[in-house]
Amino acid sequence: MRSFFIKLAVGIAVLIVAVAGYVAYSQYAATSKLPLADTEGRDPKLGKADPQTIPGVRLVETQGWADGETPIAAKGLAVSRFAEKLDHPRTMLTLPNGDVLVAETNAPAKSAMDGVTGMVAGWMMKKVGAGVPSPNKIVLLRDEDGDGKAEKRFDFRTDDMDSPSGMAFGDGRIYIANHDAVLAWTFEPGPTKLVGKPRRIMNLPEAGQHWMRNLLLSDDGKHLYVAVGSATNIADGGMEAEAGRAAIWEIDTDTGRRRQFAAGMRNPNGLGWSPWTGEMWATVQERDMLSPDLVPDYFTNVPVGAQYGWPWVYWKNVFDDRVRWDMQTYMIEYTRKPEYAMGAHVGVLGMVFPAAGNRMGAAFANGAFIARHGSWNRNPAVGYDVVYVGFDAHGNPLDAKPVPVLTGFLTADGKHTHGRPTWLAWDKTGGLLVSDDTAGIIWRVAAPDAKPAAAIRPVVTAHLKPLKEIKTPEERAMIGGFKPEDDRLLPQ
């Protein structure tokens, strides 16, 4: 019996040493060597890759907001609570009548990983306040008196919701994306409940580590775009498991026909149309376990057919040597470089461009607002804020760093967070709405004295006229003496 207790004590001691060793290693492996600003902007610094077999972890535990506490708004802006006591609110959609739809949602049970990895991942999610089961509900918030606070709340849709995220409305239809399908209903704003049986217009790859499926509708309502993230970090389970993922899909809303619009985007999220050029832009979360300073999440334009390199390369031409699967021949020749780095591991999610009538003031009139959900594998923690990326008059990001719009989600010591900014939308009065999923709050940000902004004027350029005939310089020289208007060498 005595030997049994000795073995038990030794086993416990070994376990304690192993756990302590892992904690020490994970903290060391997550320690950054670069300031966040070095991994932001038009020309980020890409440090040396240091692949990790065991991920470095730097978790920031959620403690919530006390009554009366708020994040810190940038100079000239004010922040208030638009709605609170929500159940893990993530994505939002503002309807033309001003009603705000909010998806109370989280990862589907199918996304849970197996074995020890799954146990660790589950513990991590609970520690940061994201381990709750998905509520699977769309709620409608209504600000009837226009005072910047939603007085009424309704359960808009609960039936057939399965980790819903993306939402879009247009041309008398509303679209909601579950993790495994895009659904459509005939709908006009006004009712507080969505009724009827939906039409399934596209099945989607289900679950995975990146389960959100976000939507963007074309202005004419004829095409719907669906962002589908990868199942794993770098195609760890093979490319067959990634079929249809790490991509943006285009759906014909009348026929249901679809095509892959863009590819090689590990986890595309916030989608929007550039008010300058009409081109699609997206936020994208990049890969993990290369180092705390690699790879920057990014914000970029998405022309049709774009390829951004995942999983084989990042930032156009940097190879990820961990990937074992064959790359498409010559792919490196047409892989695109992202337009703007948002910082390594900041967790970019929601994005909006300035809308007509917004009240953010002149300092935020020409750019994009982006929510950074926050890091889990970098020390010190980064993200946990809403930032502004300025654009020039032609619709290109400026060569400047992101400007803070809403901060204070992290505590002063960086060890805890009050909440995590997730998604962005405009309310009917011109305020910027920010969903805070772990705190269950929708924040509203605006400049109190700002007048409603005018719409950004599109960039209009004259198109080159087609040539009726093409001649080389040699041909033009040869015919010069045979046309009166070109006859400058012959004596008069």
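Only this structure's heavy atoms are used, side chains among them; waters, hydrogens and symmetry mates stay out.
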Out of curiosity, [X] [atom1] to [Y] [atom2], how far, rounded to the nearest 0.5 Å?
{"X": "Tyr314", "Y": "Lys337", "atom1": "OH", "atom2": "NZ", "value": "13.5 Å"}
{"X": "Arg372", "Y": "Asp385", "atom1": "CZ", "atom2": "CG", "value": "4.0 Å"}
{"X": "Ile251", "Y": "Met202", "atom1": "CD1", "atom2": "CE", "value": "5.0 Å"}
{"X": "Leu433", "Y": "Phe369", "atom1": "CG", "atom2": "CZ", "value": "12.5 Å"}

Would you say [X]'s side chain and [Y]'s backbone share a donor-acceptor pair under 3.5 angstrom?
{"X": "Arg90", "Y": "Glu104", "answer": "no"}
{"X": "Thr70", "Y": "Val79", "answer": "no"}
{"X": "Ser218", "Y": "His223", "answer": "yes"}
{"X": "Glu206", "Y": "Pro108", "answer": "no"}
{"X": "Glu69", "Y": "Ala66", "answer": "yes"}
{"X": "Arg336", "Y": "Val302", "answer": "no"}
{"X": "Thr62", "Y": "Thr438", "answer": "no"}
{"X": "Ser435", "Y": "Thr91", "answer": "no"}
{"X": "Asp297", "Y": "Glu286", "answer": "yes"}
{"X": "Trp211", "Y": "Ser163", "answer": "no"}

Considering residues, nucleotides and ligands other than Asp43, do more than 12 of their heavy atoms fall under 6.0 Å from its CG?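 Counting neighbours around CG of Asp43, 12 or fewer heavy atoms of other residues, nucleotides or ligands fall under 6.0 Å, so no.
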Is it true that atom NZ of Lys428 has more than 12 heavy atoms of other residues, nucleotides or ligands lying nearer than 6.0 Å?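 Enclosed: over 12 neighbouring heavy atoms sit under 6.0 Å from NZ of Lys428.
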Can you see whether Ser230 engages Gln209 through a side-chain donor-acceptor pair at a distance of less than 3.5 angstrom?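 Not at all, the side chains of Ser230 and Gln209 share no donor-acceptor pair under 3.5 Å.
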Indicate whether any N or O donor in one side chain lies under 3.5 Å from an N or O acceptor in the other, for Asp437 and His373.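 There is such a pair between these side chains.
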Identify the residue among Arg258, Arg257, Arg259, Lys222 that makes a salt bridge (charged side-chain N to carboxylate O under 4.0 Å, His left out) with Glu250.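 Looking at Arg258, Arg257, Arg259, Lys222, the match for Glu250 under the salt bridge (charged side-chain N to carboxylate O under 4.0 Å, His left out) is Arg259.
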Ring centres under 6.0 Å, that's the criterion: do Tyr388 and Phe364 meet it?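 Yes: the rings meet the under 6.0 Å criterion.
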Quick check on the 6.0 Å ring-centre criterion: do Tyr308 and Trp315 meet it?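 Ring-ring flag for Tyr308/Trp315: false, centres at least 6.0 Å apart.
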Determine whether Asp143 and Lys149 satisfy the following criterion, salt bridge (charged side-chain N to carboxylate O under 4.0 Å, His left out), listing intermediate values before the conclusion. CA-CA 6 Å; Asp143 175 11; Lys149 186 173 183 178; over 6 Å; no
Tell me whether [X] is salt-bridged to [Y], with the criterion being a basic N under 4.0 Å from an acidic carboxylate O.
{"X": "Asp160", "Y": "Arg200", "answer": "no"}
{"X": "Arg142", "Y": "Glu151", "answer": "no"}
{"X": "Arg42", "Y": "Glu339", "answer": "yes"}

Would Met212 and Asn269 satisfy side-chain contact (heavy atoms from CB on, under 4.5 Å), going step by step from the backbone distance to the final call? CA-CA 8 Å; Met212 291 179 67; Asn269 278 286; 4.3 Å; yes
Nearest heavy atoms of Ile248 and Ala282, plus distance in Å: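 The answer is CD1-CB, 4.5 Å.
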Pairs involving residues 241-277, ordered by first then second residue, that meet ring-ring contact (aromatic ring centres under 6.0 Å, His included) (sequence neighbours left out):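 Output for this query lists Tyr225-Phe261, Tyr225-Trp273, Trp276-Phe353, Trp276-Phe391.
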Which atom pairs, donor and acceptor, lie under 3.5 Å between side-chain atoms of residues 179-197 and protein residues at least two apart or in another chain?
| residue | atom | partner | partner atom | Å |
| --- | --- | --- | --- | --- |
| His179 | ND1 | Ala207 | N | 2.9 |
| His179 | NE2 | Asp162 | OD2 | 3.2 |
| Trp185 | NE1 | Gly196 | O | 3.1 |

Under 3.5 Å, sequence neighbours excluded: what are the donor-acceptor pairs made by side chains of residues 344-352?
| residue | atom | partner | partner atom | Å |
| --- | --- | --- | --- | --- |
| His345 | ND1 | Asp288 | OD1 | 3.2 |
| His345 | NE2 | Ser291 | O | 2.9 |
| His345 | NE2 | Leu294 | O | 2.7 |

If you apply the rule side-chain contact (heavy atoms from CB on, under 4.5 Å), what do you find for Phe409 with Arg420, and how did you get there? CA-CA 7 Å; Phe409 290 86; Arg420 305 185 76 182; over 6 Å; no
Which residue in the set Asp320, Thr232, Asn233, Asn267 passes side chain to side chain donor-acceptor pair (under 3.5 Å) when paired with Arg287?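 The passing option is Asp320.
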